[in-house]
Amino acid sequence: MIRALVVAAAAVVLSGEALAASFTLGEADKQAAIRVGERSTTLESFDREWRVGAGGESATVFTPFHRPVVAARHAAFKNETLKPSEVERVLKQDTGRLVVWVQLRGKREDFARHYVPRLMAGTREIKPAFVQNERTALPQDDGVYLARCVYGFPVRDLNGRERVELMVADADGRAVSRFAIDLAGMR
């Protein structure tokens, strides 16, 4: 049994799969991210490990690994190669922050304007370093509105192996949406 676990763990490490989100990337991680991004052009669900949600609402977690994946994917669609300087630029944009893009549904055009996000890590509440709520949500065919919001949280208060919960509350502090985020399942 122990031997099987050791073999499985070695297979995960050798395959490049992460056991936790890393908030800083070494050169090997950067190259792995570029390879994942370049290969992802034929996969519709390439970002499944970074996306959570249900009921028409979703959150996409942008770890430092995910950022160059997306940049390499975009470059591959243009039949270009991502340059090392572009990787550094992409990584520098949100140094020290875990960025979460959230799509929320509501009944009015301005429903998300005053939303307040919080990241709960156990009993710790992590306040955002950056909040961009959509002021004018997009009308959908089903009569609701879709707001795209961006939240950035300082990584100094996180480790890459924990499960956290993104809670989005209204101006009165009532939770309107929750997203369970397992950082250990993301690169």
Side-chain angles (χ1 to χ4, degrees), residues 12-13 15-53 58-104 112-113 115-121 124-135 147-168 179-187:
V12 168
V13 170
S15 71
E17 293 295 319
L19 297 175
S22 175
F23 298 125
T24 58
L25 296 183
E27 194 56 40
D29 296 324
K30 292 174 190 175
Q31 294 305 314
I34 291 169
R35 283 192 305 277
V36 169
E38 289 172 344
R39 286 190 224 138
S40 74
T41 58
T42 59
L43 302 171
E44 189 63 34
S45 62
F46 82 97
D47 62 348
R48 183 179 53 215
E49 77 182 73
W50 297 285
R51 189 178 301 272
V52 296
S58 67
T60 303
V61 181
F62 280 85
T63 64
F65 189 90
H66 190 206
R67 286 212 169 270
V69 167
V70 172
R73 177 181 169 88
H74 290 177
F77 276 128
K78 295 187 279 184
N79 206 21
E80 297 174 0
T81 303
L82 191 63
K83 297 176 183 114
S85 62
E86 292 170 340
V87 172
E88 295 306 320
R89 181 186 55 78
V90 165
L91 290 173
K92 190 175 182 181
Q93 284 177 321
D94 290 307
T95 300
R97 287 194 292 195
L98 180 70
V99 176
V100 184
W101 291 7
V102 183
Q103 291 189 358
L104 303 167
R113 186 175 203 166
Y115 278 180
V116 179
R118 292 180 294 195
L119 201 58
M120 302 302 296
R124 296 184 335 261
E125 178 180 321
I126 301 167
K127 296 188 183 210
F130 177 80
V131 173
Q132 181 179 344
N133 287 322
E134 183 142 39
R135 295 177 179 275
R148 297 162 300 180
C149 305
V150 181
Y151 305 130
F153 297 91
V155 296
R156 71 177 177 273
D157 300 325
L158 295 169
N159 76 58
R161 297 188 186 282
E162 57 192 338
R163 293 175 191 257
V164 297
E165 180 181 54
L166 172 62
M167 183 174 24
V168 180
F179 300 94
I181 300 170
D182 182 8
L183 294 173
M186 300 177 183
R187 290 177 279 179

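Closest of all the heavy-atom pairs between D157 and I126 is O-CD1, 3.6 Å. Scanning both residues, V155 and L98, for their nearest heavy atoms gives CG1-N, 3.5 Å. When every heavy atom of P68 is checked against every heavy atom of V90, the shortest pair comes out as N-CG1, 4.0 Å. For L166 against P117, the heavy-atom pair with the smallest separation is CD1-CB, 4.1 Å. Nearest heavy-atom pair across A72 and L82 is N-CD2, 3.7 Å. The two residues Y115 and V131 have their closest heavy-atom pair at O-CG1, 4.5 Å.
Taken to the nearest 0.5 Å, the CG atom of D29 stands 10.0 Å off from the CZ atom of R187. Taking CZ of F153 as the reference point, atom NZ of K127 lies at 11.5 Å (rounded to 0.5 Å). Within the model, atoms CG of N133 and CG of L104 stand 8.0 Å from one another, a figure rounded to the nearest 0.5 Å. The CE atom of M167 sits 5.5 Å away from atom CE of M120, with the distance rounded to the nearest 0.5 Å. Interatomic distance, M186 CE to E49 CD, rounded to the nearest 0.5 Å: 7.5 Å.
With sequence neighbours left out, the side chain to side chain donor-acceptor pair (under 3.5 Å) criterion links R148 to E134. Every residue meeting the side chain to side chain contact (heavy atoms under 4.5 Å, CB included) condition with P64, not counting sequence neighbours, appears here in chain and number order: F23, L25, L91. Every residue meeting the salt bridge (Lys or Arg N to Asp or Glu O under 4.0 Å) condition with D182, not counting sequence neighbours, appears here in chain and number order: R163. R51 pairs by the side chain to side chain contact (heavy atoms under 4.5 Å, CB included) definition with D47, S58, T60, not counting sequence neighbours. Residues satisfying the side chain to side chain contact (heavy atoms under 4.5 Å, CB included) criterion with P84, sequence neighbours excluded, are absent altogether. Considering only residues two or more places apart in sequence or on other chains, R124 meets the salt bridge (Lys or Arg N to Asp or Glu O under 4.0 Å) condition with E162. Listed by chain and residue number, nothing satisfies the salt bridge (Lys or Arg N to Asp or Glu O under 4.0 Å) test with E86 (two or more places apart in sequence, or in another chain). With sequence neighbours left out, the side chain to side chain contact (heavy atoms under 4.5 Å, CB included) criterion links E88 to K30. Legend: residues meeting side chain to side chain donor-acceptor pair (under 3.5 Å) with Q31, ordered by chain and number and at least two apart, are E27.
Legend: ring-ring contact (aromatic ring centres under 6.0 Å, His included) pairs involving residues 31-51, not counting sequence neighbours, sorted by first then second residue: W50-H66. Residue pairs meeting the side chain to side chain donor-acceptor pair (under 3.5 Å) criterion with at least one member in residues 93-104, sequence neighbours excluded, are R67-D94, D94-R97.
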Return all side-chain donor-acceptor pairs below 3.5 angstrom for residues 33-42, not counting sequence neighbours, or 'none' if the list is empty.
residue : atom : partner : partner atom : Å
S40     : OG   : G37     : O            : 2.7
S40     : OG   : R73     : NH1          : 3.2

Trace of the side-chain contact (heavy atoms from CB on, under 4.5 Å) decision for V100 with F179: CA-CA 10 Å; V100 184; F179 300 94; over 6 Å; no
